[in-house]
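Each chain gets a letter, A, B and so on, in the order its sequence line appears, and its residues count up from 1.
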Amino acid sequence: MNEIGGIPLFYLEFGDIVAYFSPFTLALFLLALVFSVFVIVSRPERQIDIAFGADAFFAKDISLAELRFRRFMAIACGLACMGAMVTGDVFDFTLFVSLVGICNVGIVAAVKNHHVQDAAYQYGLVALAGTVPLFSAAAIVVTTTGSLSMLELASPGAPAVPLIARALLVLGVMGEGMAPFYAAKAEMFRAPGAPYVIMCSLSSLLIFLRVTEVVLLL
Amino acid sequence: MTPATQKSRALAIAVVSALAGITATALTLAGALPPHADAAVLVIAFPAFVLGLYLYWMAREGEADIPFVGY
Amino acid sequence: MIAELLFGTFFGLLLLGIHRKVIARIQRRPGPPVWQEILHMLKFSFKTTWVPATASAALFVGVVLVAIGIWTAALAVVLSGGSLLIVFAVYMLHKIVEHGFGLSSGSPYGKFGGVRSVISAASEIPLFVSVAGIALFTRSLIISDIVAYQEVHGPLLLTVPLAGLAMYLVLLSKMPFGPFSIVESKELVSGYKTEHFGVWRAGLEVCNGLKTYVLLTTFLLVFVGTMPFLFLLVGMLVLVVSLSFVCALCPMLSPYDSVTVQTIIAGLMLAYVSILVVVS
């Protein structure tokens with residue numbers, strides 16, 4: 001099964017690390033790019049909250065300093081996502097995924113709301129724990145096959161990647177923000193600042209989609 | 001921006017994206033473009049065409065109605 | 001591809017209209033005419049439109065473009081017999097679109113709709129299971145290969161019926177008025193759609209029509225195989241009527257129950273695919 005996401009359209013070589021753009025990875029890359037552009041060009045929305053017990057509502061504003069920090073984190077998250085989408089190297093992929101986890105905490109960490117802070121802290125712990133299986137997977141791949149290149153490992157005649165490595169890779173990505181560990185993330189969406197918060201959920205979905213391809217490819 | 005310029009801008013978006021889409025499909029049918037290029041053009045042109053067209057025929061050029069303020 | 005795109009949008013909206021009509025008849029109401037959803041789309045497109053003062057303007061408008069764009073891409077992939085994984089990706093990214101619709105306006109109703117869409121992340125796992133089940137037999141995820149496989153070995157619906165059921169549940173969780181449609185439930189006004197009015201809503205209707213058409217076509221191509229165009233349309237109609245029966249007879253679950261049920265289904269499906277892997 002070499003053409004999971006279609007035949008690669010072109011390759012981008014960085015030394016021995018090859019990023020490849022198949023219709024699948026290219027589509028995911030472009031989506032990450034589009035939402036990163038939204039982060040850059042759009043102002044955050046002013047979230048309206050209803051005051052309970054009164055016939056009133058109030059709008060939350062994001063201060064400029066907070067906006068700058070969160071926008072920076074969201075852009076970093078977008079870049080990490082784009083990297084994770086197209087890289088053809090298992091270790092690179094795990095690095096980008098853990099970077100996405102860190103950026104996700106960063107995006108909401110500046111919000112002064114204790115529910116959000118709690119959720120970010122809990123999510124941070126899960127993401128931290130998730131990096132252990134993630135990097136173990138990369139380590140197992142390199143020790144058993146002697147290569148980290150997805151293209152090499154997918155070619156016919158390449159040594160087989162053990163099932164445990166694939167399982168650990170999926171577990172690691174799940175820890176970075178898929179169901180069932182997703183629960184910790186739901187509370188983070190209380191935070192105002194739609195373009196930045198969307199980056200949190202977009203990045204998890206994108207890396208989950210990519211890991212599906214990686215696991216089927218290896 | 002006046003309502004009239006907004007309206008003509010919406011029309012321009014609709015016309016340009018429609019022309020781009022039709023050209024891409026025609027060139028693909030003639031064999032001058034690969035099918036995925038046609039798809040790539042339409043992914044951008046179709047949403048732009050839909051919103052451009054709708055914003056064009058939604059936009060009013062004259063004075064807005066006086067809102068109903070109650071009896 | 002333009003003809004297919006326009007046909008898909010209008011036929012998808014017609015199917016959604018038939019969906020409403022069937023539900024209404026089962027519940028002994030007269031129901032709207034079957035072309036109501038097409039009229040809806042046109043009606044919204046003529047309404048006065050602006051961007052709310054509290055909204056994040058670029059995202060508010062951009063997410064409508066993204067919504068139509070991703071399903072146009074999905075249609076292109078299905079028509080050209082590309083990778084099933086891309087259709088799968090678009091389906092999952094529709095969740096982000098719903099989230100974007102909900103959050104970008106700043107309205108609490110929209111926000112809750114968007115958050116509900118994100119917490120029901122378990123609804124995508126059955127799709128992953130059906131994809132994995134198919135890949136075990138066909139050894140490929142390219143739609144044209146899957147169709148070719150079925151010409152030799154018969155419909156996949158008979159080979160892996162539970163994978164077909166998983167995909168059917170995925171269709172069900174995206175149908176309006178169904179047991180899992182908590183994202184647009186009426187206690188949230190219209191959920192994530194609440195603040196997108198006028199032209200933006202008309203754009204969303206275009207996306208919904210296209211989405212219905214693409215998902216039903218994918219189901220039929222992947223589980224039944226290639227067939228004459230007229231049969232494909234009849235097959236879609238049959239699928240929609242069967243979905244309408246489920247939607248009409250099942251009450252909408254509470255958000256908590258919806259997530260629990262979806263998680264249980266996802267668990268069962270994962271167990272099924274692990275058994276398939278061990279057996280094969």
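- Pairing each heavy atom of C:Val63 with each of A:Phe38, the nearest pair is N-CZ, 4.3 Å.
- Rounding to the nearest 0.5 Å gives a distance of 11.5 Å between CD of C:Glu98 and OG of A:Ser201.
- C:Lys95 approaches A:Leu205 most closely through the heavy-atom pair CB-CD1, 4.2 Å.
- Between chain A and the residues C:Ala57, C:Ala73, C:Gly62, the largest count of heavy-atom pairs under 4.5 Å involves C:Gly62.
- Contacts between A:Pro23 and chain C at a heavy-atom distance below 4.5 Å involve backbone atoms as well as side-chain atoms.
- Between the CD1 atom in C:Ile86 and the OG atom in A:Ser22 there is a gap of 7.0 Å [rounded to 0.5 Å].
- Atom OH of C:Tyr91 has more than 12 neighbouring heavy atoms from other residues, nucleotides or ligands inside a 6.0 Å radius.
- Residue-environment remark: CZ (A:Phe72) stays at or below the threshold of 12 foreign heavy atoms within 6.0 Å.
- Heavy-atom distances place the side chain of C:Ile70, and not its backbone, under 4.5 Å from chain A.
- The structure places OG of C:Ser83 at 8.0 Å from CD of A:Glu213, a figure rounded to the nearest 0.5 Å.
- Put simply, of A:Val34, A:Thr212, A:Leu206, the one with the most heavy-atom pairs under 4.5 Å next to chain C is A:Thr212.
- Comparing C:Leu103, C:Val66, C:Val115 by heavy-atom pairs within less than 4.5 Å of chain A, the highest count is held by C:Leu103.
- Contact between A:Leu28 and C:Ala89 at its shortest, heavy atoms only, is CD2-CB, 4.1 Å.
- The OG atom of C:Ser105 lies 9.0 Å from the CD1 atom of A:Ile48; values are rounded to the nearest 0.5 Å.
- Side-chain atoms of C:Phe60 and A:Glu45, non-hydrogen and from C-beta on, never get closer than 4.5 Å to each other.
- Rounding to the nearest 0.5 angstrom, the gap separating the CG atom in A:Leu209 from the CG atom in C:Leu93 is 6.0 Å.
- Only the side chain of A:Phe35 comes within less than 4.5 Å of a heavy atom of chain C; its backbone N, CA, C and O stay farther away.
- A:Arg43 contributes atom CZ, which lies 14.0 Å from atom CG of C:Leu59 (distance to the nearest 0.5 angstrom).
- The number of heavy atoms from other shown groups lying within 6.0 Å of CZ (C:Phe112) does not exceed 12.
- The two atoms that bring A:Pro195 and C:Ser56 nearest to each other are CG-OG, 3.7 Å, heavy atoms only.
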